Amino acid sequence: EQGFDLSKVSTHYVHRRRLRKEKMALRYGELITLAARDENNEFISDVLVYARYSLSETLIIATSICDHSKKIFLDVSQLLPTFKRNYANNTVVMVKNVISDVQEPEYYFLREFIELKTMKTLPAYRSLMISVTICDDDQFIFKKCLTNSIERTKRNLVAHKSIETE
């Protein structure tokens, strides 16, 4: 069977237009070029990665232009100068998948998020969109973030992984 299911294509574009309408950063945010890297920290040229930054939200978009799945991590280090201008390293950010609302949001300290190297599988010709939102001074969220950070550090220690970024 060849070709595309036009109803799926239409649904895709309806969804993307709705996201663009809902997310101010997609319309007006500063464009920052990022990179996808493999497990050896090598640049992957057939995955387009960029961010749209605004004070209220940053959206990170990764799109595969490859005919097979890729195992990648998003190198968001180019966001560091922008974030450093506006926030402290211990600022808490909420990170969530925008395209798939199945997962619960995760909380990181800003520096921890920037240095994160979590491998993700990006299917052929698919996109990933991640929302990074600054959390205001909320003691409950700060405590949750601190607890999660400690748990990630413990898991890395048990797995004999580097904890330099924790």
Side-chain angles (χ1 to χ4, degrees), residues 11-37 41 43-44 47-65 70-123 126-156 161-166:
T11 302
H12 168 83
Y13 282 104
V14 166
H15 180 255
R16 294 311 189 269
R17 281 192 298 270
R18 182 180 55 79
L19 280 175
R20 185 168 166 76
K21 187 176 181 180
E22 289 174 5
K23 303 289 187 181
M24 185 187 76
L26 287 175
R27 295 188 313 274
Y28 305 112
E30 176 186 346
L31 180 65
I32 301 169
T33 305
L34 304 175
R37 299 196 181 275
N41 206 29
F43 175 74
I44 300 173
V47 177
L48 171 67
V49 187
Y50 62 95
R52 296 298 300 260
Y53 167 80
S54 73
L55 282 174
S56 60
E57 180 178 35
T58 300
L59 293 161
I60 300 168
I61 298 99
T63 302
S64 171
I65 54 174
K70 292 276 189 173
K71 195 150 177 93
I72 65 166
F73 75 85
L74 302 175
D75 179 356
V76 298
S77 60
Q78 292 301 311
L79 288 171
L80 191 57
T82 303
F83 281 149
K84 274 193 155 198
R85 264 194 322 262
N86 299 301
Y87 312 108
N89 282 340
N90 65 345
T91 300
V92 175
V93 295
M94 178 179 68
V95 178
K96 68 179 184 176
N97 188 326
V98 176
I99 295 175
S100 169
D101 284 339
V102 177
Q103 296 171 301
E104 288 291 315
E106 296 180 280
Y107 296 89
Y108 297 92
F109 291 108
L110 185 56
R111 182 176 153 269
E112 180 183 27
F113 171 73
I114 294 289
E115 295 173 356
L116 197 62
K117 293 185 178 13
T118 303
M119 298 302 289
K120 302 175 184 313
T121 300
L122 187 60
R126 295 291 174 100
S127 294
L128 169 69
M129 185 181 299
I130 297 170
S131 168
V132 181
T133 308
I134 302 297
C135 295
D136 291 327
D137 292 332
D138 182 324
Q139 289 304 312
F140 174 76
I141 296 293
F142 187 85
K143 186 175 179 181
K144 184 175 184 171
C145 181
L146 187 58
T147 303
N148 290 346
S149 183
I150 291 168
E151 288 303 316
R152 284 189 290 271
T153 302
K154 284 181 188 177
R155 279 195 306 270
N156 286 340
K161 293 182 180 176
S162 171
I163 59 168
E164 284 184 27
T165 62
E166 300 296 328

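Because the structure is predicted, anything quoted here is derived from the model rather than measured.
Of all non-hydrogen atoms in Ile99 and Arg16, the two that sit nearest each other are CD1-NH2, 3.5 Å. Closest of all the heavy-atom pairs between Ile114 and Val76 is O-CG2, 3.6 Å. Residues Gln78 and Ile32 come closest through the heavy atom pair O-CG2, 3.9 Å.
Evaluation of the ring pair (Phe, Tyr, Trp, His ring centres under 6.0 Å) rule for Phe109 yields Phe142 as partners, not counting sequence neighbours. Every residue two or more places apart in sequence or in another chain that forms a side-chain contact (heavy atoms from CB on, under 4.5 Å) with Arg126 is listed here: Pro123. By the salt bridge (charged side-chain N to carboxylate O under 4.0 Å, His left out) test, Arg52 pairs with no residue at all, sequence neighbours left out. For Tyr53, the ring pair (Phe, Tyr, Trp, His ring centres under 6.0 Å) partners at least two apart in sequence or on another chain are Phe83. Shown here are the salt bridge (charged side-chain N to carboxylate O under 4.0 Å, His left out) partners of Arg85, two or more places apart in sequence or in another chain: there are none. Residues satisfying the side-chain hydrogen bond (donor to acceptor under 3.5 Å, both in side chains) test with Gln103, not counting sequence neighbours, are none. Every residue two or more places apart in sequence or in another chain that forms a side-chain contact (heavy atoms from CB on, under 4.5 Å) with Glu151 is listed here: Lys154, Arg155. The side-chain contact (heavy atoms from CB on, under 4.5 Å) search around Glu22 returns Arg18, Leu19, not counting sequence neighbours.
If you take CD1 on Ile150 and SG on Cys145, they are separated by 10.0 Å, rounding to the nearest 0.5 Å. Between Gln139 atom CD and Lys144 atom NZ the span is 15.0 Å, to the nearest 0.5 Å. Atom CG of Leu26 and atom NZ of Lys21 lie 14.0 Å apart (nearest 0.5 Å). Within the model, atoms CD of Glu106 and CG of Asn148 stand 8.0 Å from one another, a figure rounded to the nearest 0.5 Å. Atom NZ in Lys120 sits 6.0 Å away from atom CG in Leu74 (nearest 0.5 Å). Separation of atoms CG (Asn90) and CZ (Arg111) is listed at 11.0 Å; rounding is to 0.5 Å.
The number of heavy atoms from other shown groups lying within 6.0 Å of NZ (Lys70) is above 12. For Phe140, the CZ atom is loosely surrounded, since the number of other residues' heavy atoms within 6.0 Å does not exceed 12.
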Phe73 and Thr118: CA distance, side-chain angles, deciding distance, side-chain contact (heavy atoms from CB on, under 4.5 Å) verdict: CA-CA 6 Å; Phe73 75 85; Thr118 303; 5.9 Å; no
Before giving the answer on side-chain contact (heavy atoms from CB on, under 4.5 Å), spell out for Val93 and Thr133 the whole-Å C-alpha distance, their side-chain angles and the decisive distance to 0.1 Å. CA-CA 5 Å; Val93 295; Thr133 308; over 6 Å; no
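In this structure a side-chain-to-backbone donor-acceptor pair under 3.5 Å is missing from Thr91 to Tyr87.
The salt bridge (charged side-chain N to carboxylate O under 4.0 Å, His left out) pairs that include a residue from residues 71-83 are Arg37-Asp75, where partners are two or more places apart or lie in different chains.
The shortest distance between side-chain heavy atoms of Val95 and Ile130 falls below 4.5 Å.
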Distance-only donor-acceptor pairs under 3.5 Å for side chains of residues 55-65, two or more places apart:
{"from": "Ser56", "atom 1": "OG", "to": "Ser54", "atom 2": "OG", "distance (Å)": "3.3"}
{"from": "Glu57", "atom 1": "OE2", "to": "Lys23", "atom 2": "NZ", "distance (Å)": "3.2"}
{"from": "Glu57", "atom 1": "OE2", "to": "Ser131", "atom 2": "OG", "distance (Å)": "2.5"}
{"from": "Thr63", "atom 1": "OG1", "to": "Ser127", "atom 2": "OG", "distance (Å)": "3.0"}
{"from": "Ser64", "atom 1": "OG", "to": "Cys66", "atom 2": "N", "distance (Å)": "3.2"}

